[in-house]
Amino acid sequence: QVQLVESGGGLVQAGGSLRLSCVASRSITVNSVVGWYRQAPGKQRDLVATITSGSNTDYADSVKGRFAISRDNAKNTVYLQMNSLKPEDTAVYYCYVRRWGVVSWGRGTQVTVSS
């Protein structure tokens, strides 16, 4: 089990940027997949972006070219740089870690994009 502390959410105008941070209580250096999911009201929780220990990345089609995921192993932290935000990006964003096969979730941080 990994404790995850998220920060960086807030309210931003369309076209603006935010950077989400997630600090893990354990190392994410090896055998780990970390990333972000989001859930809008009345919708399912969907993958936004992930990055593996080998630095392979995956992005939802809706965020490709706008969002960038990165990892700082020394700080046990994963980031999500969110640019060119759109109202449809409004959701609760959840940090995700699969470390040595064990999945952990953050409690979520609200991102609201006004039109």
Side-chain angles (χ1 to χ4, degrees):
Q1 185 181 7
V2 179
Q3 277 66 54
L4 305 173
V5 180
E6 299 157 314
S7 62
L11 192 153
V12 65
Q13 292 184 337
S17 298
L18 289 172
R19 189 179 75 160
L20 306 183
S21 299
C22 175
V23 180
S25 63
R26 297 185 180 183
S27 173
I28 57 172
T29 302
V30 298
N31 201 17
S32 298
V33 178
V34 300
W36 298 88
Y37 287 67
R38 68 186 180 186
Q39 186 170 25
K43 297 184 178 180
Q44 295 181 321
R45 186 179 298 186
D46 294 325
L47 181 146
V48 178
T50 60
I51 184 168
T52 69
S53 298
S55 297
N56 295 313
T57 58
D58 287 303
Y59 294 92
D61 288 341
S62 59
V63 307
K64 287 180 179 178
R66 299 188 298 118
F67 291 8
I69 189 168
S70 61
R71 185 186 66 238
D72 187 334
N73 290 335
K75 297 181 178 179
N76 293 342
T77 301
V78 60
Y79 303 97
L80 185 68
Q81 180 65 47
M82 309 166 66
N83 298 324
S84 302
L85 283 162
K86 304 175 180 180
E88 50 263 44
D89 295 319
T90 296
V92 177
Y93 284 69
Y94 296 91
C95 184
Y96 166 92
V97 172
R98 187 175 75 239
R99 179 182 180 274
W100 294 99
V102 179
V103 174
S104 300
W105 292 96
R107 63 182 177 179
T109 184
Q110 177 70 48
V111 172
T112 302
V113 184
S114 62
S115 60

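All values derive from a computational prediction rather than experimental measurement.
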Could you check whether any side-chain heavy atom of Val111 comes within less than 4.5 Å of a side-chain heavy atom of Leu20, counting everything from C-beta outward?
yes
Give the intermediate values and the outcome of side chain to side chain contact (heavy atoms under 4.5 Å, CB included) for residues Arg71 and Ser55.
CA-CA 8 Å; Arg71 185 186 66 238; Ser55 297; 3.5 Å; yes
Restricting to side chain to side chain donor-acceptor pair (under 3.5 Å), what partner residues turn up for Thr112, sequence neighbours left out?
Gln110
Minimum heavy-atom distance Val2-Ser104, with the two atoms named:
N-OG, 3.0 Å
With no hydrogens and no angle check, is any side-chain donor or acceptor of Thr90 less than 3.5 Å from a backbone partner on Val113?
yes
Could you check whether any side-chain N or O of Ser53 sits under 3.5 Å from a backbone N or O of Asn31, counting only pairs where one atom can act as donor and the other as acceptor?
yes
Worked check of side chain to side chain contact (heavy atoms under 4.5 Å, CB included) between Arg66 and Tyr59:
CA-CA 10 Å; Arg66 299 188 298 118; Tyr59 294 92; over 6 Å; no
Considering all heavy atoms, the nearest Ala40-Ala91 contact
N-CB, 3.8 Å
Roughly how far, to the nearest 0.5 Å, is the CD atom of Glu88 from the OG atom of Ser115?
10.0 Å
Find out whether Ser27 and Asn76 are in side-chain contact, i.e. whether some heavy atom of one side chain is under 4.5 Å from a heavy atom of the other.
yes
Roughly how far, to the nearest 0.5 Å, is the SG atom of Cys22 from the CD atom of Glu6?
5.5 Å
For the student: nearest non-hydrogen atoms of Cys95 and Val78, plus distance
SG-CG1, 3.8 Å
hydrophobic_cluster_shared for Val103 and Leu47, side chain cutoff 4.5 Å
yes
Heavy atoms, side chains only, cut-off 4.5 Å: are Gln39 and Tyr94 in contact?
yes
Please determine whether residues Tyr79 and Ile51 belong to a single hydrophobic cluster, defined as Ile, Leu, Val, Met, Phe, Trp and Tyr linked transitively by side-chain heavy-atom distances below 4.5 Å.
no
Could you list all the salt bridge (Lys or Arg N to Asp or Glu O under 4.0 Å) pairs where at least one residue sits in residues 29-44, not counting sequence neighbours?
Arg38-Asp89
Hey, what do you get for CZ (Arg19) to OG (Ser70), rounding to the nearest 0.5 Å?
7.0 Å
Heavy atoms only: give me the nearest Ile69-Val34 pair and the separation to one decimal.
CD1-O, 3.8 Å
Can you confirm whether Phe67 sits close enough to Leu85 that some side-chain heavy atom of one is under 4.5 Å from a side-chain heavy atom of the other?
yes
Salt bridge (Lys or Arg N to Asp or Glu O under 4.0 Å) contacts touching residues 45-57 (sequence neighbours left out):
none
Please tell me whether Tyr96 and Trp105 form a close aromatic pair, meaning their ring centres lie under 6.0 Å apart.
yes
Within this structure, what is the NZ-CD1 distance for the pair Lys75 and Ile28, rounded to the nearest 0.5 Å?
12.0 Å
The side chain to side chain contact (heavy atoms under 4.5 Å, CB included) partner of Leu18 among Leu80, Val12, Leu11 is Val12
Is there a path of hydrophobic side-chain contacts, each under 4.5 Å between heavy atoms, that joins Val48 and Val92?
no
